[in-house]
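Worksheet for the structure shown next.
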Amino acid sequence: MAEKITLSVIKADVGGYVGHSSIHQNLLDVAKERLSKAKDSGMIVDFHVTRVGDDLELIMTHERGVDNEEIHQLAWNTFVAATEEAKRLKLYGAGQDLLSDAFSGNIKGMGPGVAEMEFVERKSEPVIVFMADKTSPGAWNLPLFKMFADPFNTAGLVIDPTMHEGFNFDVVDVYGHKAITLSCPEEMYDLLMFIGAMRRFMIRRVYRKDGEICAAASTQKLSLIAGRYIGKDDPVLIVRCQSGMPAVGEALEPFAFPHIVEGWMRGSHHGPLMPVPFYEANPSRFDGPPRVIAAGFQITNGHLIGPRDLFDDPSFDRARQLANEIGDYLRTHGPFEPHRLGLDDLEYTTMPQLMKKLEDRFRPE
Ligand code: F6R
Ligand code: MG
Ligand code: MG
């Protein structure tokens, strides 16, 4: 049987530079040093360290499968080491996503975001790792739906016989702690009923009908883990491309539309998701707007050949321009909805405290 390779993308915000806008080079260097050692020792096959906004992103290949304790421990230790450097430099929010003092077997539920998949490498294996800042995991619902279920986005669904049967979507209810698999195109309307509510229902994985994994997303919500607002769950997503899966261009196409996501300023505002090249992944205006980068790799005998900066393309200029226009329009609302999130979402911020403080001053009506 052919060897299986695992692609693990694990991320955390362990300190921002300056404020929450970006990351200091030293943190990237610490992470590279750690993962280099792990590569030399044979624990991982290959790695790439990068960042989007204030999030440190560890992209690793190995042969240990998903949810592997050693790999999660390696990521945890790397974040802890980067946190030490962040503390030394007094960077902002040092260690903010590490919710526990000690590692306990699986990094999920401890703060960092995780997307992993295991597969047998194809004759050629193009993958895209999408990484976003100032938003939350529900942000992937719309683009994943378009990539794998919308024939107006993905021509292959119509004209490629190997995609014609459609795909299965594994959807998790992050509040109900349960999951469902829905099949497209047959159950498309059922799927949309759920995933349109992107705060609660999130597409976690997409499979081809023969069971082959095509996409995996992080679905960790920090506020649910900690029970209060403690930062954002800036998400990651892995998409395999070509030969019976969406073409690279079909996987990128949904981002030509900067859809509205939650997570701008203080995690409490809606804003457009702006696709940017790596060098523009520094959300500054009003701590945003939310943005996404796309790192393309060819996986070759487990090695990461790349990345290619896939949004570094003038054909996404219009999306960026539109995102700025939408940003202006939403910003004009100031503290009013729908720029500001609805009350339910603000539960994890200051609203409950304010309610409590003014409780006695409310008169019966
Ligand atoms: C963090 C974020 C920022 C912060 C804001 C306030 O990812 O989105 O908008 O929420 O800068 O940060 P604090 O409360 O740390 O001063
Ligand atoms: Mg931060
Ligand atoms: Mg962030």
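Read the numbers this way: they start at 1 and go in the same order the structure lists the ligands and their atoms. Below, each value reflects all heavy atoms present in this structure, side chains not excepted, and no hydrogens, waters or symmetry copies.
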Would you name the heavy atoms of N26 and R88 that are closest together and state the gap between them?
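Smallest interatomic distance, heavy atoms only, reads ND2-NH2, 4.0 Å.
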For R199 and Y175, what are the C-alpha separation, side-chain angles and deciding distance, and is it a side-chain contact (heavy atoms from CB on, under 4.5 Å)?
CA-CA 9 Å; R199 281 194 66 237; Y175 288 86; 2.6 Å; yes
Test side-chain hydrogen bond (donor to acceptor under 3.5 Å, both in side chains) on E253 and N153 and set out the steps.
CA-CA 7 Å; E253 179 65 8; N153 180 88; over 6 Å; no
Looking at M265, which atoms of ligand 1 are within less than 4.0 Å of one of its heavy atoms?
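Taking each heavy atom of M265 in turn, ligand 1 has 9 (O) under 4.0 Å.
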Compute the centroid of each ring, for Y92 and then for H20, and state whether the two points are separated by less than 6.0 Å.
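They qualify: ring centres under 6.0 Å apart.
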From the options T135, D13, D97, D287, select the one whose nearest heavy atom is closest to atom 5 (C) of ligand 1.
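Shortest heavy-atom distance from atom 5 (C) of ligand 1: D287.
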Does R331 make a cation-pi contact with F286, if we ask for NZ or CZ under 6.0 Å from the ring centre and within 45° of the axis?
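The answer is yes, since R331 meets both limits relative to F286.
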Going by ring pair (Phe, Tyr, Trp, His ring centres under 6.0 Å), name the residues that satisfy it together with H24, two or more places apart in sequence or in a different chain.
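Result, ring pair (Phe, Tyr, Trp, His ring centres under 6.0 Å) vs H24: Y17.
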What pairs of donor and acceptor atoms, side-chain ones from residues 124-132 against any protein atom, are under 3.5 angstrom apart with sequence neighbours left out?
| from | atom 1 | to | atom 2 | distance (Å) |
| --- | --- | --- | --- | --- |
| S124 | OG | Q298 | NE2 | 3.0 |
| E125 | OE1 | R122 | N | 3.0 |
| E125 | OE1 | R122 | NE | 3.0 |
| E125 | OE1 | R240 | NH2 | 3.0 |
| E125 | OE2 | R122 | NE | 3.3 |
| E125 | OE2 | R122 | NH2 | 2.8 |
| E125 | OE2 | R240 | NE | 2.9 |

Which is it for R266 and ligand 1 at heavy atoms under 4.0 Å: side chain, backbone, both or neither?
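The answer is both.
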Looking at ligand 1, would W264 count as a contact under a 4.0 Å heavy-atom criterion?
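Heavy atoms of W264 never come under 4.0 Å of ligand 1.
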Please note down the angle at the Mg ion (ligand 3) between OD1 of D133 and OD2 of D234, to the nearest 10°.
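Vertex at the Mg ion (ligand 3): approximately 80°.
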Excluding waters, how many protein N/O/S atoms sit closer than 2.8 Å to the Mg ion (ligand 2)?
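Step by step: take the Mg ion (ligand 2), keep protein N, O, S below 2.8 Å, and you get 3.
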Not counting sequence neighbours, list each pair that qualifies as a ring pair (Phe, Tyr, Trp, His ring centres under 6.0 Å) and has a residue in residues 181-206.
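As it turns out, the ring pair (Phe, Tyr, Trp, His ring centres under 6.0 Å) pairs with a partner in residues 181-206, which skip direct neighbours, are F194-F201.
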